[in-house]
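Below: the structure, in structure tokens.
What you see is a predicted model; the values in this text were computed from it and never measured. Side chains included, hydrogens not; waters and symmetry mates left out as well; all remaining heavy atoms used.
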There are 2 protein chains.
Amino acid sequence: MVTLDDVARLAGVSSATVSRTLSRPQMVAASTREAVRSAAERLGYQHNASARALATGRTMLIGFSVPSLASSYFPPLIAGAQNRAEAAGYDLVVADSRSDPQREASQLARLRGRVDAVLLAGTRLADPHLAELADAIPVVTFNRVVPDVPSVAIDTAPAFAELGRRLREGGHLRVAYVGGPAGSAADGARLSSLTAGFGQAVEVFGPVEPTFGAGVEVADLLAPTGVTAAVAYNGLLALGLMHGLGTRGRRIPEDFTVAAGDDLIGSAQALSSLMTVLQPVEEAGRDMVDIVLAQLDSTAPESAATPRRTLTARADMSRDPEREDPS
Amino acid sequence: MVTLDDVARLAGVSSATVSRTLSRPQMVAASTREAVRSAAERLGYQHNASARALATGRTMLIGFSVPSLASSYFPPLIAGAQNRAEAAGYDLVVADSRSDPQREASQLARLRGRVDAVLLAGTRLADPHLAELADAIPVVTFNRVVPDVPSVAIDTAPAFAELGRRLREGGHLRVAYVGGPAGSAADGARLSSLTAGFGQAVEVFGPVEPTFGAGVEVADLLAPTGVTAAVAYNGLLALGLMHGLGTRGRRIPEDFTVAAGDDLIGSAQALSSLMTVLQPVEEAGRDMVDIVLAQLDSTAPESAATPRRTLTARADMSRDPEREDPS
DNA sequence: TTGTAGGCGTTATCAC
DNA sequence: GTGATAACGCCTACAA
């Protein structure tokens, strides 16, 4: 391994000068700067992150805990975060808890001593534990509000309400909601916004797993009921619904209106026949990083100096499907 | 921050003893072990990863570079790797190159000084650069073979060949292949295996983006041609095909047979009407980590001592759809 | 079994 | 503008 000292020796300067040249070039004479740089180049010098971290107290690492990497929801969130983190010189350490609170806790314990900040999505941590973690290290949560912990949320309420309104205006009298995974907080919120917008009770199917297959199954239950529109928790479910309804002879959107709660598999752009709630997931990931960076870079005496930020992004509706009148 | 010394002072021993207690407990008397442990507990001691890394030369970090986190293909690969890495005490640093060779190169340069090993999927790195990287740090590639660099691959050839054979046996005379992204090596291989299995030329549509929407569009091109079966590069495309064909009045699988090149969105379990190539992606991720771990943990004088391993997993066919005779 | 002491590669605080 | 030098927190011979 090539060290600062090796470069220093070759360049005929001290290691302190090399260090300065590499981190704050303007503090160094132009001539020596060049000498040092070419020496570093020749030796193929790579700085040692651990040593730097030990000396500065900064690992330049941000941890991101998610309940699943298999779901299509979290990868874009991670992508957004990674993108922004990289721009700021940070790298992202991902931990997939596979929805196991036990595992999540131990992953976070490990992360604490390893990273400068932690991003939490879909956490199962109890409020007090979360607050405790946030006390030890900067934390930002996603779609989860805990006192004194900054968070980023995507507010789907307006979009689901609008969805309800449009269905009502489209003349639909009976509308179904196909719910997401059991125990999902987002699920309940979406349903109540939809109901509020629709102006009357919505018929609920589920909870079910938010998969294509589940959508196909639910279609069989739905078809005979007389509802003329269905709002699915997410895009895969909606696609499954469409498929299932299609095999039962219903044409979308002529005979039946389908809407999706997210656009993660690109269903929105693809299908003018599908109404879709657009969630700015990647942007949310970026925002999460922005918030921790603000906390991290704050030179102020920390504590109350840096106001804990909380951001809420707004989900929007895609354009109408070509026809959305009920049959 | 609580350090070893703090714990040592409270426990009335030296920091060396604390260090030993925490890393190799059996080297320490039971009584002192307990004393140290309770002291560490009381203080809430968390070891500092940077300091440990500097002292041991091990960061306990593995880098994983992927071209995209948005695609549904790589997250499961990462999940498998993360899972295995965690079990071995390692954490995973992810880098999304967004298919930009430039960005990938700079990410890898950063990673080099930060992690103990690098996993590469869908890399755009030229062979020589890749070899150079592998020379500096343990590297494992996915679906990419470079001399002297260990790799993991999923061999889809047998499955696609079998697919071709089954279609032939099912009586299909004209079969379509809907190709994946332009320039994909996997794409060409799949087509030729399919063709070989089918025993005669397959009609190619594409290349197209492997999305649901693209599948819908291709369905319009496909429907009038007289082919009775279509094999899609991946699951989303296949779903799009089914949808598009469905809206044009074709029933699957009664009127038309559709097959998918992967099962990443759970299409296989969901749809008995869809033939699906099952790819052990998560297992591949695990294998990649296993290989680097073997290289890392090898106490032998490295170089030729640890044989560079290469694994090839085999993709398999899902069960037949309920009916696969052509109409 | 335990303590002492040196070193891991960088940064940062001083003088010069 | 540059060079010693002391941390940073931990690990690990080596000695006791």
Side-chain angles (χ1 to χ4, degrees), chain A residues 1-37 39-40 43-61 89 110 112-116 136-137 296-297 299, chain B residues 1-37 39-40 43-61 89 110 112-116 136-137 296-297 299:
Chain A
M1 156 172 272
V2 185
T3 73
L4 275 188
D5 280 308
D6 298 328
V7 178
R9 212 165 307 129
L10 179 59
V13 297
S14 78
S15 64
T17 298
V18 178
S19 174
R20 278 191 285 259
T21 305
L22 268 30
S23 43
R24 282 174 316 242
Q26 71 284 8
M27 282 188 61
V28 139
S31 56
T32 58
R33 193 188 311 158
E34 283 324 306
V36 168
R37 278 184 174 156
L43 265 33
Y45 171 76
Q46 303 269 150
H47 80 235
N48 179 313
S50 309
R52 189 206 277 273
L54 182 56
T56 60
R58 280 287 170 85
T59 63
M60 300 307 280
L61 247 27
R110 290 252 309 278
R112 261 174 84 139
R114 241 191 182 324
V115 302
D116 293 335
I137 189 175
L296 249 23
D297 294 351
T299 48
Chain B
M1 158 170 271
V2 185
T3 73
L4 275 188
D5 279 308
D6 298 327
V7 177
R9 212 164 309 129
L10 179 58
V13 298
S14 78
S15 64
T17 299
V18 178
S19 175
R20 286 191 205 101
T21 305
L22 268 30
S23 43
R24 282 174 317 241
Q26 71 284 8
M27 282 188 62
V28 142
S31 56
T32 59
R33 193 188 311 157
E34 283 323 306
V36 168
R37 278 183 175 157
L43 265 33
Y45 171 77
Q46 302 268 150
H47 79 233
N48 179 312
S50 310
R52 188 207 279 273
L54 182 56
T56 60
R58 281 287 171 84
T59 63
M60 300 308 279
L61 247 28
R110 289 252 309 277
R112 259 174 86 139
R114 236 188 188 328
V115 303
D116 294 333
I137 188 176
L296 249 23
D297 294 351
T299 48

For the student: nearest non-hydrogen atoms of [X] and [Y], plus distance:
X: A:G113; Y: B:Q46; answer: N-NE2, 4.5 Å
X: A:G57; Y: A:D116; answer: O-OD1, 4.2 Å
X: B:Q26; Y: B:R33; answer: CA-NH2, 4.5 Å

message: Do A:D6 and A:T3 have side chains that approach each other closer than 4.5 Å (heavy atoms only, starting at C-beta)?
response: yes

message: Quick one, A:V13 and A:V36 - any side-chain contact, counting heavy atoms below 4.5 Å?
response: yes

field: Annotated protein contacts, base or backbone, on nucleotides 3-16 of chain C with a non-hydrogen cut-off under 4.0 Å, one of B, S, - each
entry: BB---BBBBBB---

field: Separation of D:dC14 C1' from B:M27 CE (nearest whole Å)
entry: 12 Å

query: In whole Å, what is the span from the CZ atom of B:R9 to the P atom of D:dG9?
result: 12 Å

